[in-house]
Amino acid sequence: MMGSLNPVTSVAAAECKTAMNIILLGAPGSGKGTQAKQLVEKYGFPQVSTGDILRKALADGTDLGSKAKKFMEAGELVPDEVILGIIEERLKQPDCKSGAIFDGFPRTLQQADGLEGLLKRINSHLDLFCISLEVPDDRIVSRLSARRICSGCGTDYNMISNPPPKDHHCLKCGGEIIQRGDDQEDTIRNRLAVYRRQTRPLQEYYSGRGLLRIADGDASPQEIFNKLSRLIDDYLKNS
Ligand code: AMP
């Protein structure tokens, strides 16, 4: 998934000379997944999305999927030990050697501590940088209620800003386009409450270490991408 590094990546990697792990923090629907996909293209680090890994496990009917199912359907967090097990496996894969873009992980203080431990154990460098995408709750609810995804490749569509084809088949892979079960309004509101209670405290965790930047996520995807790129480039230059 890492693919060949583009020139920007090569310069960045040469300048910072360490693994570079970027954490995208932010409420569900704040645009982490969309941004992560673009950042992968630019910087060459793979996207590590625990939500995507869990949804695939669910679709494949694995043990992991059955462990996660009830939590995901209710918009609650899957237990930390399950998540850390997934991340450990993922970080051991060769494409994560120079770093990763974490999307939807960590989501609790225990996961953040666990990540530090894993990076120390598995990667030789611990170079972390966290960007939090800030979007007002009412915008999140309208974004997520309108969100549709491809059940085949995970491509995002939005009934308002990026409607899917009328036949409900993905433009990229032809897969069926569906609404995620947890994108119903009641579940969205619970996911936001869970975010405030369990994940938002990570802002303090990372700002206390001088590793947090805040970005306005209520702008166009291109504007947000430009902002994130500037933040990451500044970090790489100064690291
Ligand atoms: P996401 O696609 O990131 O919004 O994740 C969808 C659902 O998967 C969440 O509502 C949780 O139930 C579960 N999930 C994903 N990532 C994590 C995580 N890091 N910790 C706990 N649960 C997670």
Side-chain angles (χ1 to χ4, degrees), residues 21-37 39-40 46-60 62-91 96 100-119 128 130-133 135 137 139-141 143-158 178-203 205-206 217:
N21 294 288
I22 300 166
I23 293 170
L24 293 181
L25 197 64
S30 58
K32 301 185 298 294
T34 305
Q35 294 300 323
K37 286 183 181 68
L39 293 171
V40 165
Q47 175 187 10
V48 175
S49 159
T50 38
D52 284 352
I53 295 170
L54 291 168
R55 271 184 293 281
K56 178 159 190 329
L58 213 60
D60 292 348
T62 65
D63 277 358
L64 171 62
S66 42
K67 271 188 210 154
K69 189 170 191 281
K70 67 171 190 280
F71 300 101
M72 293 176 77
E73 284 176 350
E76 295 290 334
L77 294 186
V78 174
D80 291 330
E81 62 276 13
V82 175
I83 297 292
L84 285 167
I86 295 175
I87 291 291
E88 174 159 11
E89 285 312 302
R90 188 65 190 88
L91 288 183
C96 290
I101 297 171
F102 293 102
D103 154 19
F105 171 86
R107 263 170 144 111
T108 64
L109 292 169
Q110 288 78 359
Q111 290 181 20
D113 279 340
L115 174 62
E116 285 203 14
L118 283 174
L119 289 175
L128 266 182
C130 176
I131 304 176
S132 184
L133 285 173
V135 181
D137 280 8
R139 292 278 300 132
I140 298 235
V141 175
R143 266 190 204 179
L144 289 185
S145 310
R147 176 163 75 177
R148 300 292 181 274
I149 61 162
C150 169
S151 56
C153 68
T155 296
D156 270 321
Y157 293 88
N158 183 291
I178 55 163
Q179 180 171 32
R180 275 172 49 171
D182 59 354
D183 278 347
Q184 309 290 336
E185 184 161 345
D186 281 358
T187 316
I188 295 170
R189 295 214 178 266
N190 190 39
R191 288 161 68 201
L192 285 171
V194 167
Y195 173 76
R196 273 193 295 274
R197 197 168 58 239
Q198 292 179 268
T199 308
R200 224 187 149 89
L202 290 179
Q203 287 194 349
Y205 179 96
Y206 288 114

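All heavy atoms count here, side chains included; hydrogens, waters and symmetry mates do not. Atoms within each ligand, like the ligands themselves, are counted from 1 in listed order. Please read these numbers as outputs of a predicted model, since none were measured by experiment.
- Tested against F102 for a side chain to side chain contact (heavy atoms under 4.5 Å, CB included), the candidates T50, I23, I22, L25 yield a single pass: I23.
- Between atom CD of residue Q111 and atom CG of residue D113 there is a gap of 10.5 Å, rounded to the nearest 0.5 Å.
- Looking at T50 next to ligand 1, an N or O pair under 3.5 Å apart turns up.
- Given atom 12 (O) of ligand 1, the protein heavy atom at minimum distance is E76 O, 2.6 Å.
- Between D183 and R143, none of the side-chain N atoms (NZ, or NE/NH1/NH2) sits under 4.0 Å from a carboxylate O, so this pair counts as no salt bridge.
- Listed by atom number, the atoms of ligand 1 under 4.0 Å from G104 heavy atoms are 16 (N), 17 (C), 18 (C), 19 (N).
- The shortest N or O to N or O distance between L77 and ligand 1 is not under 3.5 Å.
- Among K32, R107, E73, Q110, the residue whose heavy atom lies closest to atom 5 (O) of ligand 1 is R107.
- Near I83, with a cut-off below 4.0 Å to any heavy atom, the atoms of ligand 1 are 17 (C), 18 (C), 19 (N), 20 (N), 21 (C), 22 (N), 23 (C).
- In this structure, the separation between CD on E73 and CD on Q184 is 11.5 Å, given to the nearest 0.5 Å.
- Here the heavy atom of the protein found nearest to atom 20 (N) of ligand 1 is Q111 NE2, 2.9 Å.
- Checking each of Q47, K32, K37 against D103 for a side chain to side chain donor-acceptor pair (under 3.5 Å) leaves exactly one that passes, namely Q47.
- Counting atoms of ligand 1 from 1 in the listed order, those under 4.0 Å from a heavy atom of L54 are 8 (O), 13 (C), 14 (N), 15 (C).
- If you take CG on L58 and OG1 on T62, they are separated by 8.0 Å, rounding to the nearest 0.5 Å.
- For the atom pair CG of D182 and CG of N190, the computed distance is 10.5 Å after rounding to the nearest 0.5 Å.
- Salt bridge annotation for D52-R55: present, with a cationic side-chain nitrogen under 4.0 angstrom from a carboxylate oxygen.
- Those atoms of ligand 1 that come under 4.0 Å of a heavy atom in R191, given as number and element, are 4 (O).
- Considering backbone and side-chain atoms alike, V78 places an N or O below 3.5 Å from some N or O of ligand 1.
- Considering K69, R180, Q198 only, the shortest heavy-atom separation from atom 6 (C) of ligand 1 involves R180.
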